[in-house]
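I have placed the structure first, in the form of structure tokens, so that the comments after it can refer back to it.
Hydrogens, waters and symmetry mates are skipped; everything else that's a heavy atom, side chains included, is used.
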Amino acid sequence: MKKRTLKIIAAVTAFVILGGLGWFANAMVGNPVSKMLAARAAEKHLEETYAGTDFYIERIAYSFKDGSYHAFVKSPTSIDTEFSLSITMLGEIRLDTYEDVLDGFNTARRLDGEYRALTDTIFENPSFPYGCDIGFGTLEIYPEEALHDPNANDVPAYAINQSMLILDKIYDIRELGRQAGHLIVYVESDTVTIEKAAEIMLSIKTMFDDAGVPFVAMDFTLQYPLPEEGMRPDGEVSVDGFLYDAIYEDGMIERVAEADRALKAYYAEQDAKN
């Protein structure tokens, strides 16, 4: 009787362990049945919702982060048409992101990537003379509601209206950079002064001008190098949204000093509020 009891306990324990492992595996990587249900649901959704289009499912992947399958949809005739369907393990459509195509988000993302690639030709060039901790360009493109939101303090006046973008249009990226290009640059140096920051900003502007890569404004931070151990030394010079037209030699040091003071005062004000 004792042996029989031990066998039962062992069998139950093994069942519980196997069940737990199965549950864990299902949660982490999904299962074939659910993937099949997701594929069927995605195909049916395309047929019913987007009949007459050339949309196709590129792939279906499981995400353990939300426990859902995601069908990634594309079009062979539209560079901006790509969206995803979020599908439960039971094959129910939870979310369709096609709105990203309609509202210009995908087009904005494509153009921003093209402008960033253009600025990377300078920042990532081996001849770039500065230790650049962070250096990239972005296009300031915002949805219309953000442009008219009185509380959206981070939207610059020169921002492009996302809803005005045309699906699949091939834009002149340099012209967009001239309209809404924004550089974000963090340079490391053993010398951190207003004068040094002004000097480097002027130099970067010259490099961009020589390369024919326009921009409207620059966020620039000059900071000490990060040591192998410990924290970065205190002290930095930072400007935010410093306009291209203000980057010229006469009075540059004074303008950088004022912008640095203004930014530090703003940060102090926000810290006090929080």
Side-chain angles (χ1 to χ4, degrees), residues 108 112 115-116 118-120 122-123 128-162 176-209 213-274:
D112 185 71
Y115 182 68
R116 180 161 185 162
L118 186 62
T119 61
D120 282 349
I122 299 173
F123 287 125
F128 189 75
Y130 305 110
C132 203
D133 184 42
I134 298 173
F136 66 92
T138 186
L139 292 175
E140 296 289 357
I141 304 175
Y142 289 83
E144 189 162 3
E145 56 269 24
L147 297 176
H148 297 99
D149 184 354
N151 299 315
N153 298 323
D154 59 340
V155 178
Y158 56 83
I160 294 173
N161 188 333
Q162 178 178 293
L176 292 182
R178 188 172 288 108
Q179 295 177 37
H182 192 162
L183 304 184
I184 291 84
V185 189
Y186 284 68
V187 169
E188 294 184 335
S189 173
D190 293 329
T191 302
V192 178
T193 64
I194 296 292
E195 292 78 8
K196 189 67 173 178
E199 172 193 320
I200 296 175
M201 290 175 68
L202 285 165
S203 174
I204 291 175
K205 178 188 178 183
T206 298
M207 283 185 277
F208 272 75
D209 286 347
V213 181
F215 66 94
V216 178
M218 181 191 300
D219 290 359
F220 180 82
T221 295
L222 181 63
Q223 58 191 1
Y224 290 106
L226 185 66
E228 292 184 6
E229 296 183 5
M231 303 290 290
R232 189 187 303 275
D234 290 335
E236 63 179 31
V237 177
S238 293
V239 299
D240 180 65
F242 202 95
L243 293 177
Y244 172 92
D245 290 339
I247 306 176
Y248 58 92
E249 192 165 355
D250 186 26
M252 181 66 177
I253 292 174
E254 290 75 18
R255 289 191 296 278
V256 171
E258 177 56 33
D260 177 66
R261 284 193 295 269
L263 187 59
K264 286 180 170 60
Y266 171 78
Y267 286 151
E269 180 183 349
Q270 294 303 307
D271 288 343
K273 289 180 179 179
N274 296 328

Please say whether the positively charged group of Arg255, taken as NZ for Lys or CZ for Arg, lies over the ring of Tyr248, i.e. under 6.0 angstrom from the six-membered ring centre and within 45 degrees of the axis.
yes
Atom [atom1] of [X] and atom [atom2] of [Y]: how far apart are they, to the nearest 0.5 Å?
{"X": "Phe215", "Y": "Leu118", "atom1": "CZ", "atom2": "CG", "answer": "12.5 Å"}
{"X": "His148", "Y": "Tyr142", "atom1": "NE2", "atom2": "OH", "answer": "15.0 Å"}
{"X": "Glu145", "Y": "Asn161", "atom1": "CD", "atom2": "CG", "answer": "9.0 Å"}
{"X": "Glu249", "Y": "Leu202", "atom1": "CD", "atom2": "CG", "answer": "6.5 Å"}
{"X": "Met218", "Y": "Leu243", "atom1": "CE", "atom2": "CG", "answer": "11.0 Å"}
{"X": "Leu183", "Y": "Tyr115", "atom1": "CG", "atom2": "OH", "answer": "5.0 Å"}

Can you check whether Phe123 and Phe208 have ring centres sitting under 6.0 Å from each other?
yes
How far apart are the closest heavy atoms of [X] and [Y], and which atoms are they?
{"X": "Cys132", "Y": "Val185", "answer": "SG-CG1, 4.0 Å"}
{"X": "Ala152", "Y": "Ala146", "answer": "CB-O, 3.7 Å"}
{"X": "Ile141", "Y": "Ala108", "answer": "CG2-CB, 3.8 Å"}
{"X": "Arg178", "Y": "Pro214", "answer": "NH2-CG, 3.5 Å"}
{"X": "Ala197", "Y": "Val256", "answer": "CB-CG1, 4.3 Å"}
{"X": "Ala159", "Y": "Leu147", "answer": "CB-CD2, 3.9 Å"}

Applying side chain to side chain contact (heavy atoms under 4.5 Å, CB included), can you list everything that pairs with Tyr130, at least two apart in sequence or on another chain?
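Testing Tyr130 for side chain to side chain contact (heavy atoms under 4.5 Å, CB included), a comparison that skips the adjacent residues, returns Phe128, Val187, Ile200, Ser203, Ile204, Met207.
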Residue pair [X] / [Y], side-chain heavy-atom distance below 4.5 Å:
{"X": "Val155", "Y": "Asp149", "answer": "no"}
{"X": "Tyr244", "Y": "Val216", "answer": "no"}
{"X": "Gln223", "Y": "Val192", "answer": "no"}
{"X": "Val239", "Y": "Met201", "answer": "yes"}

Near Tyr186 OH, under 6.0 Å, is it more than 12 heavy atoms from other residues, nucleotides or ligands?
no
Donor-acceptor contact present, side-chain Asp240 to main-chain Asp219, <3.5 Å
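Between the backbone of Asp219 and the side chain of Asp240 there is no qualifying donor-acceptor contact (under 3.5 Å).
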Got a list of side-chain donor-acceptor pairs under 3.5 Å for residues 262-273, not counting sequence neighbours?
| residue | atom | partner | partner atom | Å |
| --- | --- | --- | --- | --- |
| Lys264 | NZ | Glu236 | O | 3.0 |
| Lys264 | NZ | Asp260 | OD1 | 2.5 |
| Lys264 | NZ | Asp260 | OD2 | 3.1 |

Pair Ile122-Val213, side chain to side chain contact (heavy atoms under 4.5 Å, CB included): steps then yes or no
CA-CA 9 Å; Ile122 299 173; Val213 181; 3.9 Å; yes
Could you tell me whether Lys196 and Glu199 make a salt bridge, using a distance below 4.0 angstrom between a side-chain N and a carboxylate O?
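So Lys196 pairs with Glu199 through a salt bridge.
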